[in-house]
Structures are given as C-alpha cells and as structure tokens.
Amino acid sequence: MRRYAAAMTDPVLTDAWWREAVFYQIYPRSFADANGDGVGDLEGIRSHLVDLVELGVDALWLSPFYRSPMADFGYDISDHCDVDPIFGDLAAFDALLAEAHGLGLRVVIDWVPNHTSDQHPWFLDAASSRHSARRDWYVWRDGPTDGAPPNNWVAAFDLTAPAWSRDPRTEQWYLHLFDPAQPDLNWDEPAVVEAMHDVLRFWLDRGVDGFRADVLHTIGKSPELPDDPPEVAGIPHCALNDVPVTHDRVRAIRSLIDSYGDDRVLVGEIYLTTTEAIASYYGEGDEVHLAFNFPALYAPWSAERWRSSIAETEATLGARGAWPTWVLSNHDNPRHRTRYDEAAARRGEDTDTRARRSEARARTAAVLLLTLRGTPFLYQGEELGLTDAPIPPESALDPGGRDGCRAPLPWDASPGHGWPSGANGPWLPLPPDSEIRHRAAQQDDPGSILHLYRRLLRLRRSTPALRRGDLELLDAPDGVLALRRSLDGEIRIVLINTTDLGVDLPSALAPVGWQVLLASDDPEPPAAVPLRLGPDQALILGP
Ligand code: GLC
C-alpha cells in the first residue's frame, strides 16, 4: 500500500480554487454554433453555459478563438488581442466572460507563446527584409551550403519534414517547430518577451482567470540550436526541447500573473514524455501552478499501468509539493473511449464484445478521472461518451490528423443535432451515434453517461476527501484499481474493474456496513456493498 498526502508548502495556494476545480475544455469550433454557419462560436458557448453549470464543472478552458488564418485551427494566431470573426468579437467574449462569472464559472484561455501565424504583422514585417526592425523577433539562420536546413530538428505534424523553411525572398531559413505557417518567436529578443507579456496583460485586464500556456517548454531554445541526437530521430523537436533558460522565462510569466493577485492560474502544456521532466516546470512553486500529466493520458486502460502512473505522479510531484492534474482526452489525441476500444481490437476482442464494453469502460474511466487526487480536465463531449468521427484521408483538414476528436458536439434530435444539416453542414462530420447520443436524449435518461458525470461531479463537490484528501493505492485483485481517499476522518474507497470479468472483493475492499455511494453502471445501485465487483464496473464506497 502506498499513501500520498497533500503537500502543504504554501498556506495561500493550498486554498487556491484551481486545486479543487474540475476544468472543462471547450474547443470553440466544435462546441456549439449559434449563427448556423457550421463553425462553433462564442455565442454558442455563452448560450450553453447553464448546461455546464448543470453538469457540475467549475472552470472552462477555451482553446484559441483569436484572429487566425486557421492553418492549425487557431493555434496560428495573427492577432492575439482580437477575436476571429468566425467566432464573434471582443464584445461577445466580454459577454461570455461576464455571464460565466455570474454563474460561478472560471474562464481560462489559451495563450500561444512559442509561435505566431506567418500572417501575423510581426512575421510579415520580420520576413520583409534582413534589415527589418523585427527581423530578430523570429529565428532566422543561414543553412549549410548544400541546401540542407540549419539543423536536423523535425517539425510536428509531418514527421518527415524539417522544422525549418527557407524564405526565398531573404534567402534564410526560419524555425517552426510546428507547421511552416507557425514560425517560432525568438524569446531571446527582449521585445518579444515584452510583446507576449502584453498579451497576457490584455486578457488579465479583461478579467480572465488564467491561461493554458501552449507548449510552454519550447519558449527557450539551446543557443547553438544543436542537432537532436540520432537515437531520437523521427521524434518532433517540440517533444524534446527542454533547456534551463525556459525556467527563467516561465518564472517571469508567473510573476506577471501573480501581480494580478493570487487567484489567476497558469496551466502549462509541457509536452515532454516523462513525468519527471514535466514536473520540473512547477519549479519551486514559482513556475506553473499546474501542468498536464500526459504520461497518464497515454497510459492504456489497465489497472496495473494506471497504478504505476499514479504512483509515479504522486512520488514525483509530491517531492516538489506540486499539485497533480489528470486528463484522459483533449483536442490533440483520439478520445479515450476510441483509444481504449482500438486497443481492445488489437487484443483481438470481437465486435460484439467491443460494442458492449466500450461505453462501460468510458464510465469506469470517468470514475477514475474524477476520484484521483488532483485537478481533473474533462474534454468536451466525454460526458456524452463520444467517440471520434471517422475521417477518410481525402476529407482530412488538420495537418496533424486530429480531426476525429474535434467532431462537433451533438446537442439535440434535430436533423443536424444543433448544427446546420445538408450541403452546408458543420465544418467536420458529427461523431458516430449522434442520433442516440446527443445531449437532449441523455438529459432525459437517468441511466446515461451524462447523468453519471453529473452524479460524479455532485459527489466530488460534496465530499472534501475526494477533492483534497490523501490518496492511498490499496492492494487489489488483478485488473482492479483500488484507491482510498481520506481527509479528517472522512474516508472513501474507489474500486475500478478494468477487466470484463467479475471479481470477488476481499473484505478490506468491501468493509462491512459500508454503502455504495455511486456505481458506474446504475443510477440507483443497491446500498449494500456487493461481494463481487461486476465486469467493467466502478464503485465509490463510503461508511
Ligand atoms: C499544442 C496544441 C496543439 C497545437 C500545437 C501548436 O500542442 O494543443 O493543438 O497544434 O500546440 O500550437
């Protein structure tokens, strides 16, 4: 048994709202379409805020809605301080923020510090001449004489492509860790730091509750831009870039945010592969408040793998007094229901078994996500149990192949399920099963996964032990994950069966006289703790 306690290093931050909040990620293009043009918008989000309050989340993270040519669907920004007309305008943002705050929801927005669009006036200016006053705002290099790029870094999205493009006009290469339409800013240039800090101030002054900082670990680069070692050939440089100077820059960003008081949050997307590397960006409590825990997102649906991921997260972050986060899905990865199902297919599960297990697994995963120690991030649509939309290669839009998880949310029984139908349909096809899985249908069905998320969020909110209690990994039969959460004498046991076999429960996991407070598969489970955990079932027990 391993026990993990909340590290109490800072009396102010242990009370911080973001430690107990449940975040809900909105990908604005695909959330809700108020003006019927087939692309979601800020007004669509505003009109559904009450649904999110009813769901029971505390904070929203909005993916980019800024002016953008949309080469990376908004992560290529051409004006950081304006709303792209496809999403609305600044007045629509202010209205959304005010209404969210009025409903008690916090709003965190995406901030993309590593790169801009190649259509940003800064880049247009920088690229216009080697002597442009903004030339050094981006990273320009001469290549070797053989026509090769300046180093061997690989760009994200197209792993066969270099992270450099040659600009024929000024005959130099510019760096882009992502798409060629996303040139990297040069954070060695003080004017860039000031300009990007000004962007933070612009939105903090408007009242946002914080930022999700996009690939924050990439804003510092090794000054010599050395080749990546041959053993990591084919891994994009953005997943490898990890240099000390970045920490100074993150500390400066944190101080700026702290200058607005202690209730704004900095969430880092630190897209590195180990928990240890990610944890270092919490600094000494002076860098990010929270960082996404990607190794857990990539963990397969296996009790043993999750057990070790939880133990590693707790040990690594605990050593720093850092607060964990948990996430299963986002706009960059296949949805977890899809991932777990594809893994089942690879294991040889037949179609009927997969169909039966898929939703049950999504439900047990929800129980796990919302009972771990740390801040959970939900991705829009997981509360509906959505799977990815299959997108044939000839219809792909995203340079990174991520269209499937970005399929629009089905809202109701109308022909377009809340989106325009027919020839002018939504920007991406709706997810499979939209006719039975839309929100309105689930709203009317207490047995739906939507109601499970609501029950879970209600239980979490009313149970201090689940929000901020210690966590202990209990010994459990194979395939079962057992957690004990406790705070000031309040104790809960969480049991997650990741297999499709019933499992007899040892008495330590089914204390006599305890009750079932929540079951993943039944809105009104029998109160008495059963002797056996059902296949793909999760239970929360309390005295
Ligand atoms: C982050 C975003 C991703 C984007 C990339 C470049 O990883 O989550 O969607 O493509 O950064 O901005």
Side-chain angles (χ1 to χ4, degrees), residues 23-31 40 61-80 84 108-120 123 138-139 153-159 161 163 165 174-185 187 196 199 211-219 221 235-242 246 266-273 277-278 281 288 290-295 297-298 325 327-335 377-380 388 396-407 427-428:
F23 281 75
Y24 182 94
Q25 181 193 353
I26 291 186
Y27 191 70
R29 295 184 71 86
S30 303
F31 184 72
W61 150 32
L62 306 182
S63 279
F65 48 82
Y66 316 107
R67 275 191 191 264
S68 165
M70 304 290 168
D72 186 12
F73 295 107
Y75 283 93
D76 51 318
I77 297 172
S78 55
D79 185 345
H80 298 91
D84 195 278
V108 164
I109 61 173
D110 230 300
W111 176 62
V112 184
N114 177 64
H115 44 267
T116 67
S117 161
D118 63 350
Q119 300 305 307
H120 195 295
F123 187 75
Y138 294 84
V139 184
W153 292 2
V154 171
F157 308 151
D158 176 357
L159 300 183
S165 287
Y174 67 88
L175 177 66
H176 52 84
L177 296 189
F178 293 87
D179 193 77
Q182 293 168 292
D184 276 39
L185 283 163
W187 276 71
M196 288 310 293
V199 174
F211 302 92
R212 174 270 190 188
D214 190 70
V215 287
L216 185 59
H217 62 296
T218 57
I219 63 174
K221 315 268 182 345
I235 298 183
H237 184 76
C238 65
L240 303 168
N241 191 86
D242 188 16
T246 309
L266 177 63
V267 186
E269 186 206 21
I270 311 295
Y271 188 72
L272 293 170
T273 47
I278 295 170
Y281 286 83
V288 299
L290 298 173
F292 290 104
N293 185 4
F294 290 123
L297 184 148
Y298 295 123
T325 69
V327 60
L328 296 175
S329 286
N330 63 23
H331 66 295
D332 288 332
N333 294 282
R335 288 181 176 278
F377 283 76
L378 310 185
Y379 175 50
Q380 65 179 36
D388 286 5
L397 298 178
D398 174 47
R402 299 160 294 183
D403 293 322
C405 64
R406 299 173 176 181
W427 75 288
L428 282 173

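One-based numbering, in listed order, for ligands and for the atoms of each. Only this structure's heavy atoms are used, side chains among them; waters, hydrogens and symmetry mates stay out. This is a predicted model, so every value here is computed, not measured.
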Open item on the list: For C405, is there any backbone N or O sitting under 3.5 Å from a side-chain donor or acceptor partner on Y379?
Closed with: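 Yes; judged by distance alone, with no hydrogens or angles, the pair exists.
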TODO: Keeping the roles fixed (side chain from D403, backbone from D398), state whether a donor-acceptor pair exists under 3.5 Å.
DONE: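 Looks like yes, one N/O pair under 3.5 Å.
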Return the residue, atom name and 0.1 Å-rounded distance of the protein heavy atom closest to [atom].
atom                    : value
atom 7 (O) of ligand 1  : E269 OE2, 2.8 Å
atom 8 (O) of ligand 1  : D332 OD2, 2.5 Å
atom 10 (O) of ligand 1 : D72 OD2, 2.5 Å
atom 5 (C) of ligand 1  : F178 CE2, 3.7 Å
atom 11 (O) of ligand 1 : D214 OD1, 2.9 Å

Open item on the list: According to side-chain hydrogen bond (donor to acceptor under 3.5 Å, both in side chains), who are the partners of N333, at least two apart in sequence or on a separate chain?
Closed with: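 N333: side-chain hydrogen bond (donor to acceptor under 3.5 Å, both in side chains) contacts with Y298, N330.
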Open item on the list: Suppose we screen for side-chain hydrogen bond (donor to acceptor under 3.5 Å, both in side chains). Which residues come up paired with Y27, at least two apart in sequence or across chains?
Closed with: R406
Atoms in ligand 1 with a heavy atom of [X] nearer than 4.0 Å:
X    : value
H115 : 6 (C), 12 (O)
R406 : 9 (O)
R212 : 2 (C), 8 (O)
R402 : 3 (C), 4 (C), 9 (O), 10 (O)
F157 : 10 (O)

TODO: Take the angle between the ring planes of H331 and W61 and call it parallel below 30°, perpendicular above 60°, tilted in between.
DONE: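 If you compare the ring of H331 with that of W61, the planes turn out perpendicular.
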Open item on the list: Counting only heavy atoms from other residues, nucleotides and ligands, does the tally under 6.0 Å from CZ of F157 exceed 12?
Closed with: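 Yes, because the 6.0 Å sphere around CZ of F157 holds more than 12 heavy atoms from other groups.
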Task: ligand 1 contact on F292 by region, counting heavy-atom pairs under 4.0 Å - done: neither
TODO: Would you please determine whether H176 falls within less than 4.0 Å of ligand 1 on a heavy-atom basis?
DONE: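 No, H176 has no heavy atoms under 4.0 Å from ligand 1.
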- [ ] Report yes if the distance between the aromatic ring centroids of F292 and F377 is under 6.0 Å, otherwise no.
- [x] yes
- [ ] Answer with yes or no after comparing the ring centroid distance for H120 and Y138 against a 6.0 Å cut-off, counting only values under it.
- [x] no
